[in-house]
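Here's the structure we're looking at; comments come further down.
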Protein chains: 2
Amino acid sequence: MATIKDIADVAGVSLATVSRVINNGPKVGDATRERVKKVMEELGYRPNANARALVTRKSASLGVVIAELLDPFFATLAHGIDAVARRQNVQILMSAGSIEKQTELKAIDTLLQHRCEAMVVHSKALDDKTLVEFAAQVPGFVLINRYIEDIGHRCVWLDNVAGGQTMARHMLSQGHKKFVVVSSKYQIDDPIQRLSGIRKELALSDIELPESHIEFSTPDQEGGEIAMRNLLARGIEFTAVLAYNDAMASGAMTLLQDHDVNVPTDVSIIGYDDVLLAKYCRPKLTTLHYPVEMMATKAADLALAYARGDVPDPSVTYKYTPTLVKRDSVMNRHAGQST
Amino acid sequence: MATIKDIADVAGVSLATVSRVINNGPKVGDATRERVKKVMEELGYRPNANARALVTRKSASLGVVIAELLDPFFATLAHGIDAVARRQNVQILMSAGSIEKQTELKAIDTLLQHRCEAMVVHSKALDDKTLVEFAAQVPGFVLINRYIEDIGHRCVWLDNVAGGQTMARHMLSQGHKKFVVVSSKYQIDDPIQRLSGIRKELALSDIELPESHIEFSTPDQEGGEIAMRNLLARGIEFTAVLAYNDAMASGAMTLLQDHDVNVPTDVSIIGYDDVLLAKYCRPKLTTLHYPVEMMATKAADLALAYARGDVPDPSVTYKYTPTLVKRDSVMNRHAGQST
DNA sequence: TTGTAAGCGTTATCAT
DNA sequence: ATGATAACGCTTACAA
């Protein structure tokens, strides 16, 4: 592959001049510039990103650590990041961390070896301290979907407590009184926070949520089925199910339907995330919209900005709030209509 | 960040020795090795991947070009690739190409700038010639989901004609005689090949498929709805719909149901791909399983092998065949039962 | 406006 | 077993 030297030789100029042309440097004569460009074209020259990164100490790349590419939630996340990467002309270095300490650690480590100064990481397995240390090393280190106070201005996160409250409040407003929760068995912050929001809101109406009314499983459709099966088996009475996410909601719904329980007339369900699935399952899922893509975009922009040395207003934080999307899986028990 | 020189200074050895330790080189005394390792540990040393790539001309990374991260099909693809990347300890450089000539070109170009010698690319917009040229430049250039004869041993692809035949054959075997096709409007090979397979198979039963029975739209759920709406509006009679993929099938199904057409008793539907959606829409979709993940894994392995200089048996080709997955969206019109 | 040369962090080839 | 030293391809003062 042609190097800058080859171009210089053929064009009859020095390395420096070629470099200037490549980088649209200022002090080059028009004639020379054209000639060099022509030679580059002819030789199919492509600047060596590695050499460049080495000397400039800038990698023109954005590191991304997410849990799992298959999950539509993360796919959306990745998609949002990709959009800004493309816009800002940086290459994405992608690693899946699978919510495992060692894997997440290794993913970040590899990114560090590549010396990428901007990275948006979704980490649930690593502890605060570790993450804060990384943040200290990498100027453009941004956390998504997690809040750590010490680096609060580098966190783009969702208010899960508020989310839990909104779910409960909506069901309450529709006249529901008997609740059941289908949650994620992974002991990360999210399910805990959502649950606490739910409890907080229910408490305002003097409703308790006993442990037996909560079932924990994997946060996917199968997990939703299993959780619902267990709830049914336990003979608990309920008219409202609050799911950890849309996938679990859909699974739970499927199982209910298989048992001839009608949704929403017999039982109402509300999901969380508002991924595509929510719109296409039957009945369509009432859920909380998680503005992942917007958040991903913000996170990527932020990471790149910090890496560039820009200092965004340090007083602002990037907290997002999920919003209710009413579709067809929740019935109004006052009016007897689905809302 | 600590460099190899820092390590050498602190450990009191030369650069060469440190380099040997890093690479588990042979000729280093045990005592020295330990001492150096200890220093590396203390200083939190991380080899600079850029410097390494520069001098070795090997990038320890795998380039990936796919159309669209959001699409579950590509998410699965990416997931398969990620698995081998992790196993083989290489970093993924990911670019979305969005089935646009310029974008795909740029994606590959960027990968080339990073000098990655292994890449698996999913390109539908670039022409054969361009792709063959890239393949000539990059030892580990592997095409997925496309077959080009000149570089046949570097293509991992699906037999779409056979797929089309299988769809039609299944419907035929279930006693269907009136067909309609919901296809993709993108004029890439896939829809054309599937359609030709369908026609070929129907011809064996002396059934024609007039253009008016085919509706082209975007290959997603909304496209499926639109296509089906048009078919219905045109007043065509049919009992079997062959969809381009599961998303379109699901959209078509939804629209049918909204018009009180029962699936599968009134109309049977068959999808293609077998993504998660197929299992979770109602009724569950009978479809063709596209072994994407397996293919992605193979492609990644192949790319890395070629990049390494290994020469896999040049006589074998990597053609895969989709297989029928019977679920609940197709009815047997002989027996009157869904099959 | 153009060229010279040092240096980025490694690996690899010689010597020793 | 260890150490100098020359690349690798590029950017960037500093000279001219």
Judged by nearest nucleotide, the residue sitting upstream toward the 5' end of DNA chain D, B:G29 or B:L15, is B:G29
Comparing A:R20 and A:I4 on DNA chain D - which has the more 5′ nearest nucleotide = A:I4
Helical bend (five base pairs per end, nearest 10°) for the helix from C:dT1-D:dA16 to C:dT16-D:dA1 | 40°
Grab the [atom1]-[atom2] distance between [X] and [N] for me, whole Å please.
| X | N | atom1 | atom2 | answer |
| --- | --- | --- | --- | --- |
| B:N23 | D:dA1 | CG | C1' | 17 Å |
| A:I7 | D:dT11 | CD1 | C1' | 16 Å |
| B:R115 | D:dC10 | CZ | C1' | 11 Å |
| B:D6 | C:dG9 | CG | P | 8 Å |
| A:Q113 | C:dT10 | CD | C1' | 13 Å |
| B:L112 | D:dG9 | CG | P | 15 Å |
| A:M1 | D:dC8 | CE | P | 16 Å |
| B:K27 | C:dA15 | NZ | C1' | 13 Å |

Does [X] reach the side chain of [Y], with side-chain heavy atoms less than 4.5 Å apart?
| X | Y | answer |
| --- | --- | --- |
| A:T3 | A:N48 | no |
| B:V142 | B:V121 | no |
| B:V21 | B:K37 | yes |

Verify whether one side chain among [X] and [Y] offers a donor that lies under 3.5 Å from an acceptor in the other.
| X | Y | answer |
| --- | --- | --- |
| A:Q88 | A:R308 | yes |
| A:H79 | B:E68 | yes |
| A:N145 | A:Y320 | no |
| B:R86 | A:S98 | yes |

Of all the heavy-atom pairs spanning A:E104 and A:H122, show the shortest one and how long it is.
-> OE2-O, 4.2 Å
Contact summary for B:A2 and B:Y45, nearest pair of heavy atoms | O-CD1, 3.4 Å
Please work out which of the three classes, parallel, tilted or perpendicular, describes the rings of A:F134 and A:F141, given edges at 30° and 60°.
-> parallel
Given side chain to side chain donor-acceptor pair (under 3.5 Å), test B:Y147 with B:D128 step by step and report yes or no.
-> CA-CA 9 Å; B:Y147 179 77; B:D128 288 9; over 6 Å; no
Output yes when at least one side-chain N/O atom of [X] is less than 4.0 Å from OP1 or OP2 of [N], else no.
| X | N | answer |
| --- | --- | --- |
| A:S14 | C:dG3 | yes |
| A:S19 | D:dT11 | yes |
| A:T3 | D:dC8 | no |
| A:T17 | C:dG3 | yes |

Of residues 39-53 of chain B, the positions that come close to DNA chain C - non-hydrogen atoms, cut-off under 4.0 Å | B:Y45, B:R46, B:P47, B:N48, B:A51, B:R52
Any residue of residues 54-63 of chain A with a heavy atom less than 4.0 Å from an atom of DNA chain C = A:L54, A:V55, A:R57
Is the NZ atom of B:K106 crowded by more than 12 outside heavy atoms at less than 6.0 Å?
-> no
From C:dT2, C:dT4, D:dG3, pick the nucleotide closest to the side chain of A:A16?
-> C:dT4
